[in-house]
Amino acid sequence: FNRPSNNYQGFIGSAQTSQGRASTISNIALTGHVVGHEYVGGLVGSLYNVGAIVKNASSSVTVETTYGDAGGLVGELDNATISNSFATGSVTDISSSNYSGALGGLVGNIFGSSAIIRNAYASGSVNGDANSEYVGGLVGYMEYGAIYTSFASGNVIGGDGVGGLVGSANYSVAINDNYATGNVTGTNSVGGLIGDAYNGIDEIKRNYATGGVTGTTFVGGFVGRAYL
């Protein structure tokens, strides 16, 4: 798929459940190359609504975005679930030094209190630039939601809000029993596990990070900048 001007790009562009119904994508393995604008994923561009589930899925797809909300497996995870899944392909901003945001090795953007990642990992590099905001080895940006027993091992490069596991985590987020081992390079709010954590994080427990961290301001081996 090579559609750099189009949104919702992936093997499945957008997957959504009707309210109250469950729908599962499972037991699938993908390879290839996807290029899109926003909401770009190796498997799904946008996975939306309670009851939408990806499990036992793998992606070695190379993902490129000209704007953001891009992940190795799913671009946007909105009140949906990923479990027992992984991505090994790289995720790269190709916006030619324009703004980009929410780049993650597994998921670009998580939103909603019912959004959950469990038993998952990403091993590919995540490659932003100085204009890339919210870049993470596993997840670029999360607002609400939870990540449990997962890890990221790829190197991460970005501008503001750059983390080995999560670039930026906000509002009632739980991040428990995870780790990151990749090297992290950014400018502001750069952390080995999380770049920025703010606005009432619920839990960050039993996590660790071992990669090198390089940045200019608000730089930490675990969290770059925290407003808890």
Answer yes if the side chains of T62 and H33 hold a donor-acceptor pair under 3.5 Å, and no otherwise.
-> no
Stepwise side-chain contact (heavy atoms from CB on, under 4.5 Å) check, R118 with T149 | CA-CA 6 Å; R118 188 188 303 274; T149 55; 3.9 Å; yes
Any side-chain heavy-atom pair of N119 and S150 under 4.5 Å | no
Spell out, yes or no, whether F86 and L77 are grouped together once hydrophobic residues are joined by side-chain heavy atoms under 4.5 Å, including indirect joins.
-> no
Between I175 and I194, the two heavy atoms sitting closest are CD1-CD1, 3.7 Å
Might you point out which heavy atoms bring N199 and N170 nearest each other, and give the distance in Å?
-> ND2-OD1, 4.3 Å
Cluster question for you: counting only ILVMFWY and a side-chain heavy-atom cut-off of under 4.5 Å, with indirect links fine, are V219 and V184 together?
-> yes
Candidates V135, T92, N155 - the one meeting side-chain contact (heavy atoms from CB on, under 4.5 Å) with N127 = T92
Search all heavy atoms of I28 against all heavy atoms of I25 and return the closest pair with its distance.
-> CG2-CG2, 4.3 Å
Nearest 0.5 Å, what's the OG1-CZ distance between T31 and F11?
-> 10.5 Å
In Å, rounded to the nearest 0.5 Å, how long is the span from CG of D78 to OG of S114?
-> 9.5 Å
Using a 4.5 Å cut-off on heavy atoms from C-beta on, say whether the side chain of S26 contacts that of K55.
-> yes
With the 4.5 Å side-chain cut-off for hydrophobic clustering, are L103 and F151 part of the same group?
-> no
Under 3.5 Å side-chain donor-acceptor pair for Q9 and Y39 | no
Results of side chain to side chain donor-acceptor pair (under 3.5 Å) for S59 - residues two or more places apart only | none
So, the side chain of S95 versus the backbone of T66: is there a donor-acceptor pair under 3.5 Å, distance only?
-> no
Residue pair V126 / I157, side-chain heavy-atom distance below 4.5 Å | no
Is there a chain of hydrophobic side chains (I, L, V, M, F, W, Y, each step under 4.5 Å between heavy atoms) that links Y148 to V173?
-> no
For residues N79 and N49, is any side-chain donor paired with an opposing acceptor at under 3.5 Å?
-> no
Residues D93, E64; criterion side-chain contact (heavy atoms from CB on, under 4.5 Å); working and verdict | CA-CA 6 Å; D93 164 29; E64 296 180 331; over 6 Å; no
Report yes or no: does N84 contribute a side-chain atom to a donor-acceptor pair with the main-chain N or O of N56 at less than 3.5 Å?
-> no
Hey, what's the ring geometry for F111 with Y144, parallel, tilted or perpendicular (30° and 60° as the breaks)?
-> perpendicular
Polar side chain donor-acceptor pair, S132 to S100, under 3.5 angstrom | yes
CG of D196 to OH of Y141: how many Å apart, nearest 0.5 Å?
-> 9.0 Å
Beyond-backbone contact of L43 with V54, side-chain heavy atoms, under 4.5 angstrom = yes
Can you list the residues that meet the side chain to side chain donor-acceptor pair (under 3.5 Å) rule with S46, with sequence neighbours excluded?
-> E76
Taken to the nearest 0.5 Å, the spacing of F222 CZ from L193 CG works out to 4.5 Å
How about E133 and Y99: do any of their side-chain heavy atoms sit closer than 4.5 Å?
-> yes
Evaluate the side-chain hydrogen bond (donor to acceptor under 3.5 Å, both in side chains) criterion for residues N7 and E38: first the C-alpha distance (whole Å), next the side-chain angles of each, then the deciding distance (0.1 Å), finally the verdict.
-> CA-CA 5 Å; N7 297 337; E38 187 175 14; 4.6 Å; no
CD1 of I116 to OG1 of T81: how many Å apart, nearest 0.5 Å?
-> 5.0 Å
Closest contact, heavy atoms only, G71 versus V91 | C-CG2, 3.9 Å
Minimum heavy-atom distance between A87 and L73, given as atom pair plus value | CB-N, 4.1 Å
Assess whether side-chain contact (heavy atoms from CB on, under 4.5 Å) is satisfied between D160 and S189, documenting all intermediate values.
-> CA-CA 6 Å; D160 294 345; S189 300; 5.8 Å; no
Would you kindly confirm whether L30 and F1 end up in one hydrophobic cluster when ILVMFWY residues are joined by side chain heavy atoms under 4.5 Å apart?
-> yes
Step by step, would you call S153 with Y179 a side-chain contact (heavy atoms from CB on, under 4.5 Å)?
-> CA-CA 9 Å; S153 59; Y179 65 91; over 6 Å; no
Residues I82 and V74: closest non-hydrogen pair is CD1-CG2, 3.8 Å
CD1 on I94 to CG on D129, rounded to 0.5 Å | 11.5 Å
